[in-house]
Amino acid sequence: MSLTQTGKPVALRGLVKSYGGAAPALAGIDLDIEAGSFCTLLGASGSGKTTLLKTIAGFETPDRGEIRIGSRDIAPVPVARRNIGMVFQNYALFPHLTVARNVAFGLEMRKLKRAEIARRVEAALALVSLDGFGGRSPRELSGGQQQRVALARALVIEPDILLMDEPLGALDKNLRQAIQVQLRDLHRRIGATIVYVTHDQEEALFLSDRIALMDKGLIVQVGTPQELYFRPANRFVATFLGECNLLPAPSGRGEIGLRPEKTLVGGKAAAADIRLDGTLVSAVFTGTGYRIAATVSGRAVTALVANDDPVAMLAPGAAIPIGYMAGHAMTLDD
Ligand SMILES: Nc1ncnc2c1ncn2[C@@H]1O[C@H](COP(=O)(O)OP(=O)(O)OP(=O)(O)O)[C@@H](O)[C@H]1O
């Protein structure tokens, strides 16, 4: 048996949630998540990501607004009947139960037949590459393996949507990257709708079909990773997602955003559409090249150059031309 399924779409309308503090945790959220897509809620600490996830799950009740999963309004539906899978940072496995019993938990609650439970548990463990681990205790597993058990436990109930709150937050960087690859692959195979919370922008870029960037209880911009990276709506998005140089617009009104990889320095700036006078601050070796820090009229500018670029050999304080092609300048609303 496989756990392949078609996830359901999620529609959030005008969600407001206040805990009684000065500013609401959710200040009016509108968001459409396509069936079977991987949507990430990205934002700094306190932006409202977890509150939004808990509201969808049913652990928090919104003050206002509507949540639809598929065609049904889930406001009146209790947590246990929402058919939502959940995975959190601290795996919350039952330490006294075997891996198989942990995974079986949701199915036992639903009173499925024993043979059916065994079959689905086996399929779920295979899905997360833990075949043969059913008889072990969670204590005998690594952090990454425990997180995969938590994932199998969430998937085994064939949820309409899968909510994940910083599931890789407790893992070290190498393991996190390995599990990101597995998770992306798994999502492609099973077709579940996933709503994923992280504050790690690289993780969001790597995993998501769409990213909803949150700030102060609002969604600032939603789009594909490429849309947010190349067409940020405003300065906040431009600087939150990836690095961004901010320079005065050639028109003299407002600023433009320029990615370091589109920032030309030294000889390469000679052919640029827009040329500026810069001063070298430092050139730091990164392995793949040098990271150039410079200033232009008192503003900090970062550029990336190849290992053999003569600019990297100059002394700090040297005058260096800086430039960019007009098409690479990102117009920012504010
Ligand atoms: N149970 C609660 N009682 C009171 N205030 C809360 C509660 N939970 C969250 N908040 C407040 O609501 C706001 C949003 O918190 P939330 O946990 O949703 O943010 P987050 O983006 O998930 O942050 P983090 O990345 O740190 O988990 C914060 O100002 C937080 O202090």
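Just so you know, ligand 1 is whichever comes first in the structure, and atom 1 is the first atom listed for that ligand.
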Exercise. Gly46: heavy atom below 4.0 Å from ligand 1, yes or no?
Worked result: yes

Seminar exercise, completed: In ligand 1, the atoms that come under 4.0 Å of a heavy atom of Ala44 are 21 (O)

Problem set entry | Closest protein heavy atom to atom 19 (O) of ligand 1, given as residue, atom name and distance to 0.1 Å | Gly48 N, 3.3 Å

Exercise. Hey, are the side chains of Pro138 and Phe94 touching, using non-hydrogen atoms and a 4.5 Å cut-off?
Worked result: no

Exercise. Salt-bridged, Glu122 to Arg119, with N to O below 4.0 Å?
Worked result: no

Problem set entry | Close-contact set for ligand 1 against Thr51 heavy atoms, below 4.0 Å | 14 (C), 15 (O), 16 (P), 18 (O)

Seminar exercise, completed: Note: ligand 1 atoms sitting under 4.0 Å from heavy atoms of Ala25 are 12 (O), 13 (C), 14 (C)

For this session: Go through ligand 1 atom by atom and flag the ones less than 4.0 Å from a non-hydrogen atom of Ser45.
Result: 23 (O), 24 (P), 25 (O), 26 (O)

Exercise. Which residues pass the salt bridge (charged side-chain N to carboxylate O under 4.0 Å, His left out) test with Glu203, sequence neighbours left out?
Worked result: none

Exercise. Which residue owns the protein heavy atom closest to atom 9 (C) of ligand 1, what's the atom, and how far is it?
Worked result: Tyr19 CE1, 3.2 Å

Exercise. Should Lys49 be counted as touching ligand 1, given the test is an N or O pair under 3.5 Å?
Worked result: yes

Exercise. Would you call Lys268 and Asp309 a side-chain contact if the rule is heavy atoms closer than 4.5 Å?
Worked result: yes

For this session: Determine, using heavy atoms of Ser47 and all atoms of ligand 1, whether some pair is separated by less than 4.0 Å.
Result: yes

Problem set entry | Protein residue, atom and distance nearest to atom 27 (O) of ligand 1, heavy-atom basis | Thr50 OG1, 3.6 Å

Exercise. Does atom 31 (O) of ligand 1 have any protein heavy atom closer than 4.0 Å?
Worked result: no

Problem set entry | Side-chain H-bond candidate by donor/acceptor type, Thr50 with Asp165, under 3.5 Å | yes

Exercise. Is any side-chain heavy atom of Pro248 closer than 4.5 Å to a side-chain heavy atom of Glu255?
Worked result: no

Problem set entry | Arg153 charged N/C atom sitting above Phe105 aromatic ring, 6.0 Å / 45° | no

Problem set entry | 4.0 Å protein heavy-atom contact status of atom 2 (C) of ligand 1, strictly under | yes

For this session: Describe, in one word, how the ring planes of His187 and Phe38 are oriented to each other, choosing from parallel (under 30°), tilted (30 to 60°) and perpendicular (over 60°).
Result: perpendicular

